[in-house]
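The structure appears below as structure tokens.
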Protein chains: 2
Amino acid sequence: MNVQTEPVKQGRKHAQVLEGARTVFLRDGFEGASVDDIAKSAGVSKATLYSYFPDKRILFMEVAKAECLRQEEMTDMMVEMNSDPNVALRHAATSMIRLFVSNFGKHVFRVCVAESDRFPELGREFWESGPARVRARMIDFFNDAIKRGQLEIEDCDLAADQFAELCKADLFPKMVFGIQEEFSDAEVARVANGAVDTFMARYGTKRAG
Amino acid sequence: MNVQTEPVKQGRKHAQVLEGARTVFLRDGFEGASVDDIAKSAGVSKATLYSYFPDKRILFMEVAKAECLRQEEMTDMMVEMNSDPNVALRHAATSMIRLFVSNFGKHVFRVCVAESDRFPELGREFWESGPARVRARMIDFFNDAIKRGQLEIEDCDLAADQFAELCKADLFPKMVFGIQEEFSDAEVARVANGAVDTFMARYGTKRAG
DNA sequence: CCCTATATAAACTGCACAGTTCAGTTTTTT
DNA sequence: AAAAAACTGAACTGTGCAGTTTATATAGGG
């Protein structure tokens, strides 16, 4: 009656392997990463690596899953969901922009897109555990604000999607197409403010802000 | 004194090779495409292929460049840049959405992102010859409309970027993350109308629409 | 009719990399 | 300290694929 919660073998180097895999996969993508590189980066022999993860695809999926969880924990961007939409949204916009302009955001996005043929579930899972959660929280906030008479929205789903997209203006294409790597606070603030102003012009009431 | 404008050898099968390469690269990406597949798809022997394009990377860049030109020719989305922003923008939004939700748009985007490490210029060149052109035309239109008193915009660059992003709401993430493949006219119209309404709420004057 | 251009198919080379094996070492458990 | 489990390094296998070579075929020009 051995209660084995984890189907994977346990040993000292488990986390170590995942960490190395994370580094290399995020840097080089699935094809670009060689198992030898991963083993080296993890400071582990190839045999050990294979004793934990019987093939490269499984290792990759494991890393991706772990990344999604990590993503969830970073979703503290809505803490300040208090009264005033102008304040709350400005804060949310800044957090969102910072996240998808970060190294993490860039790499995860890149891997999702690049590997979408080989791993169709990858993009979906990432979406579910990342952006979709933020979206849901956003909609909750909208509904509260509507009740308070601070917002006026017919289609909350669309509004949430529009807000997220407004946050990508300018910076996201620049990042995705490799035109610019780093983004200053001023650039982020310009886009965040622009997003909130445009959003509130459409959905704000006089009582808001 | 042989005036050779093209550094690449020209012959009967030149276009034929490019066409096959286009098909396979767009379908499978750079890594995913094998030269044998390309030769087969082009109806040409591998030796012939290599006599035109001495290596795979060069062939790929050639295809990408051709795609960018093709992109330019499709930029007739602004034909109706006449008086009323409400009409013109609704038309522009629909065209833009249709374009980047198309098979073409999806594949080019995917290849740009996936290959951005191997070909850093690829994304930049695509951006320059595609989105950036649309953006420039958009800004011209804004300036005209501002002179006519139909729009009121402080930061035209940001406004153009916001408009483009608004057009991506909902549909673009769904496409990129493989959640949805085909998009109905109703879905496109919903997003296009939403984009224009939000945009005009912020930047429209009473005289417009 | 031969000469040269260009095309073709198919076999071949070389390399990178996933996955395996194994003899030997280190760590953990009892 | 002995047994069991985990780890190592290095060599090895097999495969897929970029790029080359070769022997052969077709077509137009002098």
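Every chain is numbered from 1 and lettered A, B, ... according to where its sequence line falls, protein lines coming before strand lines. What you see is a predicted model; the values in this text were computed from it and never measured.
Listed by chain and residue number, F100(A), F109(A) satisfy the ring pair (Phe, Tyr, Trp, His ring centres under 6.0 Å) test with F172(A) (two or more places apart in sequence, or in another chain). Scanning for salt bridge (Lys or Arg N to Asp or Glu O under 4.0 Å) contacts around E182(A) gives an empty result, with sequence neighbours left out. The side chain to side chain contact (heavy atoms under 4.5 Å, CB included) check on E154(A) picks up R202(A), Y203(A), with sequence neighbours excluded. Applying the side chain to side chain contact (heavy atoms under 4.5 Å, CB included) criterion to F60(B), with sequence neighbours excluded, gives F25(B), F30(B), V111(B), E115(B), F119(B), L122(B).
Of the side-chain N and O atoms in Y52(B), none sit less than 4.0 angstrom from OP1 or OP2 of dT6(C).
Rounded to a whole Å, the NZ atom of K56(B) is 11 Å from the C1' atom of dG16(D). The interatomic distance linking F53(A) (CZ) with dC7(D) (P) rounds to 11 Å, in whole Å. Atom NE2 in H14(A) sits about 16 Å away from atom C1' in dA5(D), given to the nearest Å. Rounded to an integer number of Å, the gap from R12(A) CZ to dC7(D) P is 5 Å. In this entry the distance linking CZ of F25(A) with P of dC17(C) reads 13 Å, nearest Å.
Salt bridge status for K168(A) with E165(A): present, with a side-chain N to carboxylate O gap under 4.0 Å. Classification of D28(A) and R110(A) as a salt-bridged pair fails, no side-chain N sitting under 4.0 Å from a carboxylate O.
A syn base is found at dA5(C): its glycosidic angle is within 90° of 0.
Remark: R190(A) CZ is packed, more than 12 non-hydrogen atoms of other residues, nucleotides or ligands lying under 6.0 Å away.
Put simply, the side chain of K13(A) never gets that close to the backbone of A42(A): no donor and acceptor are under 3.5 Å apart.
A 3.5 Å limit on both hydrogen-bonding distances identifies no Watson-Crick or G-U partner for dA5(C). Look at dT26(D): it lacks any Watson-Crick or wobble partner with both distances under 3.5 angstrom.
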Practice task
Could you go through the salt bridge (Lys or Arg N to Asp or Glu O under 4.0 Å) check for K65(B) and E125(B) one step at a time?
Solution key: CA-CA 8 Å; K65(B) 225 180 290 176; E125(B) 273 194 38; 6.0 Å; no

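The stretch residues 27-41 of chain B comes close to DNA chain D through A33(B), S34(B), V35(B), each having a heavy atom under 4.0 Å from the strand.
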Protein-nucleotides 8-12 of chain C N/O pairs closer than 3.5 Å?
from, atom 1, to, atom 2, distance (Å)
dT8(C), OP1, K13(B), NZ, 3.0
dT8(C), OP2, S45(B), N, 3.2
dT8(C), OP2, T48(B), OG1, 2.6

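Proximity note for Y50(B) (side chain, C-beta onward) versus dG19(D), dA18(C), dT28(C): the nearest is dG19(D).
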